[in-house]
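Remember, it's 1-based here, ligands and their atoms both numbered in the order they're listed.
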Amino acid sequence: MSTPVDTTAHLAVLGAVPRFARPLHVGAPNIGDRERLLQRIGTILDTRRLSNFGPMVRQFEETVARYAGVNHCVAMCNGTVALEIGARALELSGEVIVPAFTFVATAHALAWQGIRPVFCDIDPRTHLIDPDRVEALITPRTTGILAVHLWGRVAPVERLRAIADRHGLKLMFDAAHAFGCSHKERPVGGFGDLEVFSFHATKFMNSAEGGAIVTNDPELARRARLMSNFGFTGLDRVEALGVNGKMSELAAAVGLNSFESMDAWLEVNRRNMDAWRRVLAPLPGIDLIPWNDGDMHNHQYVVCEVDASRAGLGRDELVAALRAENVLARRYFYPGCHRMEPYRSHPPQGGWRLPVTESVAARVMVLPTGTAVTERDIAEVGALLEDILDHADTVRAALAGRDPGQALEAQ
Ligand code: T4K
């Protein structure tokens, strides 16, 4: 017998036309002033300087260093290569302690260098590496800690610094989400031995593709720059093993353009966050994660946790129902790196035990924001969510007949 369709609910998951004709993405790029960008590209073409530490990249590095409050910035082609070069510049080897609740690039950057990521569980309140669990993971092979400022929230920097110092470990931060964020009035960039930004298209500040290593250590910066350019110290002189990690002039031009719009984009993200707060507040079981009021955030990620017992629907059901409507919510960073290859097939003896990571990864839903999303869009998604929750039983019944993978991959 087929499930009766509730005709009072005009929901795409029940066969209605999707509420949004145009998809709302998590991570639609912010685009700066076109005229200024075309001028910059014109200069690049006129001067025929396309790469290899040209003037746009130098200006980009100065700008990033200024915002991050550090002495040195080395621009890179993307955040992943910056993490790899950062790990090498710090001479990390053996094992490095890292959270599993992060984008897989954090772990891959280590494994790609032959370093074993040792996954540490997270704090359920902050979603950040739990400093109380780090020390138990240290072995004679441990050389460092790579923590993540997830969602732009600053990792427990003081606690991690103390642990690293006590055990003679290097401390590195994946700050891919955290450009423009700060903690206790200190901007992200100067914590740890070095930090790595991503300027990917989906980030708050983008250079289309791009990344950077920032540090106050001149020797680390010198080594990172050397490694990003094949180890060349002169025209025919190679002094170290290196790779090509350089940022192009075109990427730097896009990045410089982004910085000119930074204040306006921050304002949009704040406005959108306020709008999300308003529309989600009356909805049961969809809780925005709280932020520290004293800290500065870029609000590039609108992160909530779904409590199925109060919402009446689980996270996956909600995400599937939203995606059917062209609201492309994401399950970042499900299921956790430890459940992805190659880490899933090569756990340490006894397997990974990360109960907090797993329970958080099962609840998190990330909603669209950025300049492509308006307050009106958010109000409409709010009304839509209300409809979905009001018809929770019907939605669940409709989704029960579908391949869950397909429902979640919709769009
Ligand atoms: N560490 C952390 C903690 C990170 O989150 C990341 C990257 C890294 C390190 C590595 O930095 P990079 O090497 O990437 O610089 C995306 C991004 O590719 C990735 O940069 C990002 N984190 C991660 C969180 O998200 P996907 O596969 O989820 O994104 P994708 O391609 O589905 O894009 C999101 C949505 O944005 C799309 O549905 C459509 C829209 N979009 C995307 C792009 C690229 C556009 O409208 N236009 C575009 O140009 O990984």
Side-chain angles (χ1 to χ4, degrees), residues 20 22-32 60 64 74-87 96 98-113 117 119 122 127-129 146-155 172-179 181 188 194-214 228 243 245-248 251-252 254-255 258 298 300-303 319 322-323 326-337 340 357 361 364-373 408-411:
F20 288 84
R22 164 187 71 91
L24 288 189
H25 290 287
V26 172
N30 292 327
I31 306 291
F60 179 84
V64 171
V74 186
M76 301 268 167
C77 53
N78 60 53
T80 307
V81 167
L83 285 169
E84 289 170 13
I85 291 179
V96 168
V98 64
F101 193 58
T102 177
F103 189 58
V104 73
T106 318
H108 277 359
L110 296 171
W112 199 252
Q113 306 302 312
F119 295 118
I122 53 170
H127 298 182
L128 302 171
I129 193 167
L146 170 51
V148 182
H149 302 310
L150 200 81
W151 315 132
R153 190 200 295 278
V154 175
M172 174 171 166
F173 289 102
D174 177 339
H177 297 181
F179 189 80
C181 300
V188 166
L194 63 79
E195 302 211 38
V196 167
F197 291 120
S198 164
F199 297 103
H200 182 256
T202 56
K203 295 293 183 285
F204 172 50
M205 284 295 113
N206 83 81
S207 60
E209 287 276 4
I213 291 178
V214 289
S228 76
V243 68
K246 297 182 298 304
M247 175 179 269
S248 75
V254 177
S258 293
N298 59 33
Q300 182 67 2
Y301 292 97
V302 176
V303 186
V319 170
L322 284 174
R323 292 183 74 86
N326 252 334
V327 179
L328 304 182
R330 298 291 297 256
R331 299 191 291 176
Y332 287 142
F333 288 101
Y334 180 83
C337 298
M340 295 176 170
T357 298
V364 161
M365 174 169 78
V366 181
L367 295 165
T369 190
T371 53
V373 178
L408 284 164
E409 293 291 329
Q411 300 308 320

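Between G79 and ligand 1, at least one pair of N/O atoms sits closer than 3.5 Å. Considering backbone and side-chain N/O of V148, none are found under 3.5 Å from N/O of ligand 1. At under 3.5 Å, not a single nitrogen or oxygen of T102, backbone or side chain, sits near a nitrogen or oxygen of ligand 1.
For ligand 1, the atoms lying closer than 4.0 Å to a non-hydrogen atom of A105 are 8 (C), 9 (C), 10 (C). Close approach to G210 involves these atoms of ligand 1, each under 4.0 Å from a residue heavy atom: 15 (O). Close contacts of ligand 1 with N78, meaning ligand atoms under 4.0 Å from a residue heavy atom, involve 13 (O), 15 (O). Within the listing of ligand 1, atoms 11 (O), 12 (P), 15 (O) sit less than 4.0 angstrom from a heavy atom of S198. Those atoms of ligand 1 that come under 4.0 Å of a heavy atom in T202, given as number and element, are 17 (C), 20 (O), 33 (O), 34 (C), 36 (O), 42 (C).
Taking only non-hydrogen atoms, the option from H177, H108, M76 nearest to atom 3 (C) of ligand 1 is H177. Compare E84, Q300, K203, H149 by their heavy atoms: the one nearest to atom 21 (C) of ligand 1 is in K203.
In this structure, L328 falls outside the shell of residues with a heavy atom less than 4.0 angstrom from ligand 1. The shortest separation from a heavy atom of F199 to ligand 1 is not under 4.0 Å, leaving the residue out of contact. At a 4.0 Å cut-off, at least one heavy atom of P29 sits close enough to ligand 1 to count as contact. Residue contacts with ligand 1 do not include A82, since none of its heavy atoms lies under 4.0 Å from the ligand.
Neither the backbone nor the side chain of E209 comes within 4.0 Å of ligand 1, counting heavy atoms alone. Contacts between T80 and ligand 1, counted as non-hydrogen atom pairs separated by less than 4.0 Å, involve both the backbone and the side chain. Looking at V26 against ligand 1, only its backbone comes within 4.0 Å, counting heavy atoms.
The nearest pair of heavy atoms linking F60 to A75 is CD2-CB, 4.0 Å. Contact between C337 and T102 at its shortest, heavy atoms only, is SG-O, 3.5 Å.
Contact annotation for atom 18 (O) of ligand 1: protein present (non-hydrogen atoms, distance under 4.0 Å).
Separation of atoms CD1 (I31) and OG (S258) is listed at 8.0 Å; rounding is to 0.5 Å. Considering CD1 of I213 and CG of L194, their distance stands at 6.0 Å, rounded to 0.5 Å.
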Acceptor/donor pairs from residues 328-335 side chains to any protein atom, 3.5 angstrom cut, sequence neighbours excluded:
from, atom 1, to, atom 2, distance (Å)
R331, NH1, D316, OD1, 3.3
R331, NH1, D316, OD2, 3.2

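Using modelled atom types, no side-chain atom of H25 and backbone atom of G27 make a donor-acceptor pair closer than 3.5 Å.
The protein heavy-atom contact nearest to atom 37 (C) of ligand 1 is H25 ND1, 3.7 Å. In terms of protein heavy atoms, atom 16 (C) of ligand 1 is closest to Y332 OH, 3.9 Å.
Residues W151 and V364 form a side-chain contact, since some pair of their non-hydrogen atoms from C-beta on lies under 4.5 Å apart. With contacts defined as side-chain heavy-atom distances shorter than 4.5 Å, the pair F197/V188 qualifies.
Residues that satisfy the side chain to side chain donor-acceptor pair (under 3.5 Å) test with T357, not counting sequence neighbours, are D121.
Under the 3.5 Å distance criterion, with hydrogens and angles disregarded, no donor-acceptor pair is assigned to the side chains of H200 and S198.
Only one option out of R153, H149, K203 pairs with H177 in a side-chain contact (heavy atoms from CB on, under 4.5 Å); it is K203.
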